[in-house]
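Below: one structure, written as structure tokens.
In this chain, numbering begins with 1 at the start of the sequence shown. Everything numeric in this text was worked out from a predicted model, so none of it was measured.
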Amino acid sequence: TSTFGWDIDVTGNVVTDAPAFSAYRSSNVEISNSVFTKVTFDTEDFDTSSDYDTSNGRFTPSVAGYYQLSAFLHQEVDGSNKVAYGYLYKNGSQYQILSLERASIDTNTSNVGSVLVHANGTTDYFEVYTYQASGVSTTLYGQSKLTRFTGFLARAVWVQ
């Protein structure tokens, strides 16, 4: 048994209990113009360590290490500017722009992004935000195949 989030059985096989989750937005939500809006992914497909909270949209890893986090945001890009962003926040602050989409016509767009991040395994948490500057309110579409937040432990680190 180790503190890295996995065990090794007597035959040398790794038995993992490492955190992994997949959650999606189940319904559409209006995104105001020029406002950073947190996306709460309210339905889980799975959450191996109960580290994702559907009520507040936070992933708080319980094992210290490096996590691969991905977000998929499908939304309108209407109005005059037609620009939409996806952001990963860490501990309440912008951490990484996941994607930027500019459209030349009024259309729907998918912002998709992924990043490898470090988490301390106790207090670090991650959220997804969107921002659009089209001049009008737009729709972020909720459906399991359109708007999703996923993550998994890529490599644990030992904390003394």
Side-chain angles (χ1 to χ4, degrees), residues 1-9 13-32 35-77 83-102 108-132 138-160:
T1 300
S2 76
T3 58
F4 300 128
W6 62 76
D7 296 324
I8 300 190
D9 68 16
N13 293 317
V14 174
V15 180
T16 184
D17 57 356
F21 76 98
S22 179
Y24 63 91
R25 175 91 195 155
S26 65
S27 61
N28 296 351
V29 63
E30 290 299 308
I31 305 299
S32 297
V35 174
F36 288 92
T37 304
K38 183 164 83 166
V39 180
T40 302
F41 301 85
D42 57 358
T43 305
E44 291 179 329
D45 290 310
F46 60 86
D47 185 0
T48 62
S49 298
S50 299
D51 290 346
Y52 181 77
D53 188 335
T54 58
S55 68
N56 64 16
R58 286 185 180 179
F59 175 57
T60 308
S62 57
V63 175
Y66 298 93
Y67 287 82
Q68 188 69 42
L69 300 178
S70 302
F72 310 86
L73 305 171
H74 189 76
Q75 65 191 89
E76 288 178 321
V77 180
V83 62
Y85 296 86
Y87 289 89
L88 180 70
Y89 275 50
K90 180 178 181 180
N91 301 328
S93 298
Q94 284 184 15
Y95 180 79
Q96 179 72 46
I97 296 175
L98 295 173
S99 60
L100 161 66
E101 180 65 34
R102 289 190 185 276
N108 293 334
T109 184
S110 292
N111 284 315
V112 178
S114 185
V115 64
L116 186 66
V117 298
H118 180 265
N120 63 16
T122 55
T123 59
D124 286 339
Y125 65 91
F126 301 90
E127 302 163 303
V128 173
Y129 279 70
T130 188
Y131 177 89
Q132 63 86 15
T138 63
T139 301
L140 177 71
Y141 293 102
Q143 188 184 64
S144 64
K145 294 180 178 132
L146 297 178
T147 300
R148 177 176 296 278
F149 184 26
T150 65
F152 65 91
L153 177 66
R155 181 175 179 183
V157 294
W158 185 53
V159 179
Q160 290 184 326

task = Mind jotting down which residue pairs meet the salt bridge (charged side-chain N to carboxylate O under 4.0 Å, His left out) criterion with at least one end in residues 61-73? Sequence neighbours excluded, please.
result = none

note = With sequence neighbours left out, the residues meeting side-chain contact (heavy atoms from CB on, under 4.5 Å) with Gln94 are Phe36, Tyr87, Tyr89

query = Given side chains that start at C-beta, do those of Tyr85 and Ile97 come closer than 4.5 Å, heavy atoms only?
reply = yes

inquiry  = Rounded to the nearest 0.5 Å, what separates atom OG in Ser93 from atom CD in Glu127?
reply    = 10.0 Å

query = For the residue pair Tyr141 and Asn28, what are the closest heavy atoms and their distance?
reply = CA-OD1, 3.4 Å

key: Partners passing side-chain contact (heavy atoms from CB on, under 4.5 Å) against Ser22 (at least two apart in sequence or in another chain)   = Asp45, Phe46, Arg148, Thr150

task = Kindly indicate, with the supporting measurements, whether the criterion side-chain contact (heavy atoms from CB on, under 4.5 Å) is fulfilled by Val117 and Tyr95.
result = CA-CA 9 Å; Val117 298; Tyr95 180 79; 3.3 Å; yes

inquiry  = Would Phe72 and Tyr24 count as a side-chain contact (heavy atoms from CB on, under 4.5 Å) here? Give the steps.
reply    = CA-CA 9 Å; Phe72 310 86; Tyr24 63 91; over 6 Å; no

key: Spacing of OH belonging to Tyr66 relative to CZ belonging to Phe152, to within rounding of 0.5 Å   = 15.0 Å

key: Distance, nearest 0.5 Å, that separates OG1 of Thr139 from CD of Glu30   = 3.5 Å

task = Please tell me if the side chains of Val39 and Tyr129 come closer than 4.5 Å, counting only heavy atoms from C-beta onward.
result = no

task = Provide the closest heavy-atom pair for Ala154 versus Leu116 in the form atom of the first, atom of the second, distance.
result = CB-CD1, 4.0 Å

query = With sequence neighbours excluded, what pairs up with Phe59 under the ring-ring contact (aromatic ring centres under 6.0 Å, His included) test?
reply = Phe21, Tyr67

key: Shortest non-hydrogen contact between His118 and Phe126, atoms and distance   = O-CZ, 3.7 Å

message = So, using side chain to side chain donor-acceptor pair (under 3.5 Å) as the criterion, who are the partners of Gln143 when residues are at least two apart?
response = none

request  = With sequence neighbours excluded, tell me which residues meet side chain to side chain donor-acceptor pair (under 3.5 Å) with Thr123.
outcome  = Asn120

inquiry  = Under the rule for side-chain contact (heavy atoms from CB on, under 4.5 Å), what residues qualify as partners of Asp53, not counting sequence neighbours?
reply    = Ser55, Asn56

ask   = How long is the gap from OG on Ser114 to CD on Gln96, to the nearest 0.5 Å?
value = 10.0 Å

key: Side-chain heavy atoms of Phe41 within contact of Thr147, under 4.5 Å   = yes

request  = Identify, with sequence neighbours excluded, every residue that meets salt bridge (Lys or Arg N to Asp or Glu O under 4.0 Å) alongside Arg25.
outcome  = none

remark   = Shortest non-hydrogen pair, Gly86 vs Leu73, comes out as CA-CD1, 3.8 Å

query = With sequence neighbours left out, what residues match Asp42 under salt bridge (Lys or Arg N to Asp or Glu O under 4.0 Å)?
reply = none

Candidate pair Gln75 and Thr130, rule side-chain contact (heavy atoms from CB on, under 4.5 Å), full reasoning = CA-CA 10 Å; Gln75 65 191 89; Thr130 188; 2.9 Å; yes

Donor-acceptor under 3.5 Å (Tyr52 side chain, Phe149 main chain) = no

ask   = Quick one: salt bridge (charged side-chain N to carboxylate O under 4.0 Å, His left out) pairs with a partner in residues 117-126, sequence neighbours left out?
value = Lys90-Asp124

Over all atoms of both residues, closest heavy-atom pair of Leu153 and Ala18 = CD2-CB, 3.6 Å

Set of side chain to side chain donor-acceptor pair (under 3.5 Å) partners for Asp51, sequence neighbours left out = Ser62

request  = List for me each residue that meets side-chain contact (heavy atoms from CB on, under 4.5 Å) alongside Thr60, sequence neighbours excluded, and say none if there are none.
outcome  = Arg58, Tyr125

Heavy-atom pair with the smallest gap, counting every atom of His74 and Leu140 = O-CD1, 3.5 Å

ask   = So, does Gln132 use its side chain to make a donor-acceptor pair with the main chain of Ile31 at under 3.5 Å?
value = yes

